[in-house]
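First up is the structure itself, then whatever we jot down about it.
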Amino acid sequence: MNDSHFNFEFLDKIDYPEDLRKLGLKDLRTVCAEVREFLIDTLSKTGGHFGAGLGTVELTVALHYAFLTPRDKLIWDTGHQAYPHKILTGRKNRMNTIRQLNGLSGFLKRTESEYDVFGAGHASTAISAALGIATARDFNGEDYKVVAIVGDGSLTGGMAYEAMNNAGLLKKDLIVVLNDNEMVSLSSVRPTLWSLHSYFSEALTHPSYNKFKTNVWELTGKLDVFGDRLRSVAQKVERGVKAIVTPGMLFEALGFRYFGPFNGHNVFKLVEIFQHVRDLKGPILIHVRTMKGKGYAPAEKEATRLHGVTPFDKITGISPKKSDELPAYTKVFGEALVEICRQNPKVVGITAAMPDGTGLTLLHTEMPERFFDVGIAEQHAVTFAAGMATEGYVPVTAIYSTFLQRAFDQVVHDCAIQKLHVVFVLDRGGLVGGDGPTHHGALDLSYLRCVQGMVVMAPKDEQELRDMLYTAVEYKDGPIALRYPRGNSLGVDVRPGFRKLEIGRGVTLRGGKNVAVLAVGNVVPYALEAAEILAAEGIEAEVVNMRFVKPIDDELIRLLALRIDAIVTVEDNVIQGGFGSGILESISKLGLSNIAVKLHGLPDDFVDHGTPNELYRMLKLDAEGIADVVREFLLSRRNAATPQLTSS
């Protein structure tokens, strides 16, 4: 049960939307206030995605009130705006478990509730999914409403327009709600990047337009009844002008009937609009304007900082910080990039709506002319970088591991085939924690390693991160990538400047004779700790930091095989096609037949959410787990070599 101390007049009686729909329209404003207070109270204790949900309270209440969910289908784009939806759909009493091991997901999840029609952790997918559902509905001869709720940030992604174009051609009965909070980038410096925002705002706030409007209003105000009639005509003309210079023009051209913009915090008006359009035919777009963080002053003032939160003080909105907290890898990267940019005028930074999350905000602040945030448009980001590379620039393209998946073809077609020097820096490599399977960087070593000519690195600590970034910038023979984990760095001593690493060379960190543990990236420190555990048991494990997932250090493997006949590879990537597979390929290429190999990494399954420590422990990727894997591997080899006595 949720431990909130509030006694709510209506929310205590609402478990599902059918309970909400039993209330009178006049009660909905109070319901919204209660949902917002519940959300603030709960997340102040648990943490989670915060600002987006505060901004969609009225919208969520109105949708579930006006539509007959779950029969009518709501498809949310990017599920962090759907916390109020969870509260109203049977999960209120489990909200205190959100993003925790075995608790509620922070995003939409089909296995969690029938109200979560389509899973959503990445942006720009809702309209495509909704159109597919509407098409299947018509094939089945069924009659229900399909509503996609899309943030304006998602409209910086091309997939949303591809879906709208197709929807306009198919003319299916489909409603799209555009939740416009003018926050399309998680940037504390410049969160508004949608060029259409600027166009609409400039057109309707231009001095000439407003001077003309004021003059007309003053003149007609002096003409009594006739003036009122003229004012009525003028208002209609103004609405017509707005229809030309507001989003209506764009969406109508794509085949949608456009309604709006409306105040997204007027729950009565929203219910009225939804009830009006629910039975209209064809594609409909309803444009509502909301405020991210609505109803909580700190979140209204600092929408980016309070987009996602750890437990915080309800009065100030500030999360307590540990005095000895080490700098995040993101900050280490951002600072290193600024240093490199000062040395090399050809280096630029590119991100896709995540400057704070990738550390590029530092570059934006120091050298704004060298910084590019393209919005939620990873495909464009990669090809934009490739274009700059053709002219001798070195684009450092910083994108989350799972978000770069969306631009795989551009990595191959636009960068690798042309051997263009694009530097890919992947934040959130490995298991990220509470965001779960949509954000775990479990595939990057595999999907990058298979690309011809790609160099792939993974640092074990902040010093290697700095050196690998410098190495990547200095490399000239094609695309090169490095990935690092979410979270804080290790606190190692960082020397001034940078050191260029030799491509494809690993380094032995600890000698041994019984088994070699080859590790890469985030799990190298765990491998060293595992070797200490094994040493206490008389097992001497050599530990090698391979550094490069591609190319593999073949010479190191060859020399190792002369002394040791057992290898365990460790990575926080899926085993299929990952670092361990690269070791096996090296052994095959070298023709080594006297060596046994155990691959250890992420399973062929999607890992759920939980803290990183919980997940690494559960998957035996922490020190104790790696020691167990090595011990069991050696024991199985010993048992296989020992004749077994059997009784007849």
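Keep in mind that the numbers below use all heavy atoms, side chains included, and drop hydrogens, waters and symmetry copies.
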Next on the checklist: Between D435 and R486, does any NZ, NE, NH1 or NH2 come within less than 4.0 Å of an OD or OE carboxylate oxygen?
Outcome noted: yes
Problem - Short N-O contact, R91 and E112, less than 4.0 angstrom - result: yes
When Y329, Y484, Y400 are each screened for side chain to side chain donor-acceptor pair (under 3.5 Å) with D427, the one that passes is Y484
To the nearest 0.5 Å, atom CG of L54 lies from atom NE2 of H49 at 13.0 Å
Query raised in the report: With side chains defined as the heavy atoms from C-beta onward, is the minimum distance between Y65 and P17 less than 4.5 Å?
Result: no
For G349 and L360, the nearest pair of non-hydrogen atoms, with its separation, is C-CD1, 4.0 Å
Original post:
With side chains defined as the heavy atoms from C-beta onward, is the minimum distance between V146 and V117 less than 4.5 Å?
Top reply: no
Separation between CE (M159) and CD (E378), nearest 0.5 Å, reads 11.5 Å
Nearest heavy-atom approach of G106 to Y83 is O-CE1, 3.3 Å
Are V347 and N344 close enough that some pair of their side-chain heavy atoms sits under 4.5 Å apart? yes
Note: L482 and A472 closest approach over all heavy atoms is CD2-CB, 4.3 Å
Open item on the list: Looking at S154, is its backbone amide N or carbonyl O close enough to the side chain of S124 to form a donor-acceptor pair, meaning the two atoms are under 3.5 Å apart?
Closed with: yes
Open item on the list: I'd like to know if R289 and D180 make a salt bridge, using a cut-off of under 4.0 Å between side-chain N and carboxylate O.
Closed with: yes
Closest heavy-atom pair, V422 versus C415, reported as atoms and distance to 0.1 Å, is CG2-SG, 3.8 Å
Quiz item: Would R257 and L285 count as a side chain to side chain contact (heavy atoms under 4.5 Å, CB included) if you check the C-alpha gap in whole Å, the side-chain angles of each, and the deciding distance to 0.1 Å?
Solution: CA-CA 6 Å; R257 291 182 63 183; L285 189 136; over 6 Å; no
For the pair D608 and K109, find out whether any cationic side-chain nitrogen is under 4.0 Å from an anionic carboxylate oxygen.
yes
Audit row: L420, T390, side chain to side chain contact (heavy atoms under 4.5 Å, CB included) steps and yes/no: CA-CA 7 Å; L420 292 175; T390 66; 3.9 Å; yes
| said: Whether the side chain of H265 engages the backbone of M291 through a donor-acceptor N/O pair (distance < 3.5 Å, no angle test) should be reported. | reply: yes
Separation between CZ (F424) and OG (S401), nearest 0.5 Å, reads 13.0 Å
Hey, does the side chain of D72 reach the backbone of Y144 with a donor-acceptor pair shorter than 3.5 angstrom?
no
Rounded to the nearest 0.5 angstrom, the CG-CD distance for L131 and E162 is 12.5 Å
Q: Say whether, by atom type as modelled, one donor and one acceptor occur between the side chain of K73 and the main chain of A148 under 3.5 angstrom.
A: no
Separation between CG (L280) and CZ (R278), nearest 0.5 Å, reads 11.0 Å
Checking V348, T358, V473 against V396 for side-chain contact (heavy atoms from CB on, under 4.5 Å), the one that qualifies is V473
Is a donor on one side and an acceptor on the other found under 3.5 Å between the side chain of R370 and the backbone of L363?
no
Side-chain donor/acceptor pairs under 3.5 Å, residues 266-276, sequence neighbours excluded:
unit_1	atom_1	unit_2	atom_2	d
N266	OD1	F268	N	3.2
N266	OD1	K269	N	3.1

Do the side chains of K294 and E58 get close enough for a salt bridge, i.e. N-O under 4.0 angstrom?
no
Below 4.5 Å, heavy atoms only, C-beta onward: do E335 and L362 meet side chain to side chain? yes
Considering residues, nucleotides and ligands other than E369, do more than 12 of their heavy atoms fall under 6.0 Å from its CD? yes
Looking only at heavy atoms, the pair that brings Y447 and V451 closest together is O-CG2, 3.4 Å
Run the ring pair (Phe, Tyr, Trp, His ring centres under 6.0 Å) test on H439 and H609 for me, step by step, so that the C-alpha distance in whole Å, both residues' side-chain angles and the decisive distance to 0.1 Å come before the verdict.
CA-CA 9 Å; H439 285 60; H609 55 275; over 10 Å; no
Residue pairs passing the side-chain hydrogen bond (donor to acceptor under 3.5 Å, both in side chains) test with at least one member in residues 412-426, sequence neighbours excluded, are T383-D414
Item to complete: Ignoring hydrogens and angles, tell me if any N or O in the side chain of T156 forms a donor-acceptor pair with the backbone of I376 under 3.5 Å.
Response: yes
- request: Given side chain to side chain contact (heavy atoms under 4.5 Å, CB included), test F259 with I284 step by step and report yes or no.
  value: CA-CA 8 Å; F259 296 85; I284 305 291; 3.8 Å; yes
Relative to the ring of F312, is the ring of F50 parallel (under 30°), tilted (30 to 60°) or perpendicular (over 60°)?
tilted
Exercise. Would you call D572-R483 a salt bridge at under 4.0 Å N-O?
Worked result: yes
ask   = Within 45 degrees of the axis of the six-membered ring of Y393 and under 6.0 Å from its centre: does K346 put its NZ or CZ there?
value = yes
Report task. Check whether the side chains of T60 and H85 place a donor and an acceptor atom closer than 3.5 Å, and report yes or no. Result -> no
Using side-chain heavy atoms (C-beta onward) and a distance below 4.5 Å, is V607 in contact with L431?
yes
Q. Is the closest side-chain donor-acceptor distance between N179 and T290 under 3.5 Å?
A. yes
Worksheet item: Side-chain donor-acceptor pair under 3.5 Å between S319 and T310, yes or no?
Response: yes
Worksheet item: Is the backbone N or O of A398 less than 3.5 Å from a side-chain atom of T351, with the two atoms forming a donor-acceptor pair by type?
Response: yes
**Exam field: side chain H287 to backbone L178, donor-acceptor pair closer than 3.5 Å** = no
Q) Step by step, would you call R428 with T330 a side chain to side chain contact (heavy atoms under 4.5 Å, CB included)? A) CA-CA 9 Å; R428 272 64 170 174; T330 295; 3.9 Å; yes
- Item | Carboxylate-amine/guanidinium contact K145 D173, below 4.0 Å | no
The reported gap from CE in M95 to CD1 in I98 (rounded to nearest 0.5 angstrom) is 4.0 Å
Margin query: Using modelled atom types and a 3.5 Å cut-off, is there a donor and acceptor pairing between side-chain atoms of E300 and backbone atoms of G295?
Written below: yes
Nearest heavy-atom approach of T56 to Q81 is OG1-O, 2.8 Å
Taking the side chain as every heavy atom from C-beta outward, state whether I75 and V147 have any pair of such atoms under 4.5 Å apart.
-> no
Run the salt-bridge test on D444 and R449 with the 4.0 Å N-O cut-off and return the result as yes or no. no
### Message
Tell me whether H364 contacts the main-chain N or O of P355 through its side chain, where contact means a donor paired with an acceptor under 3.5 Å.
### Response
no
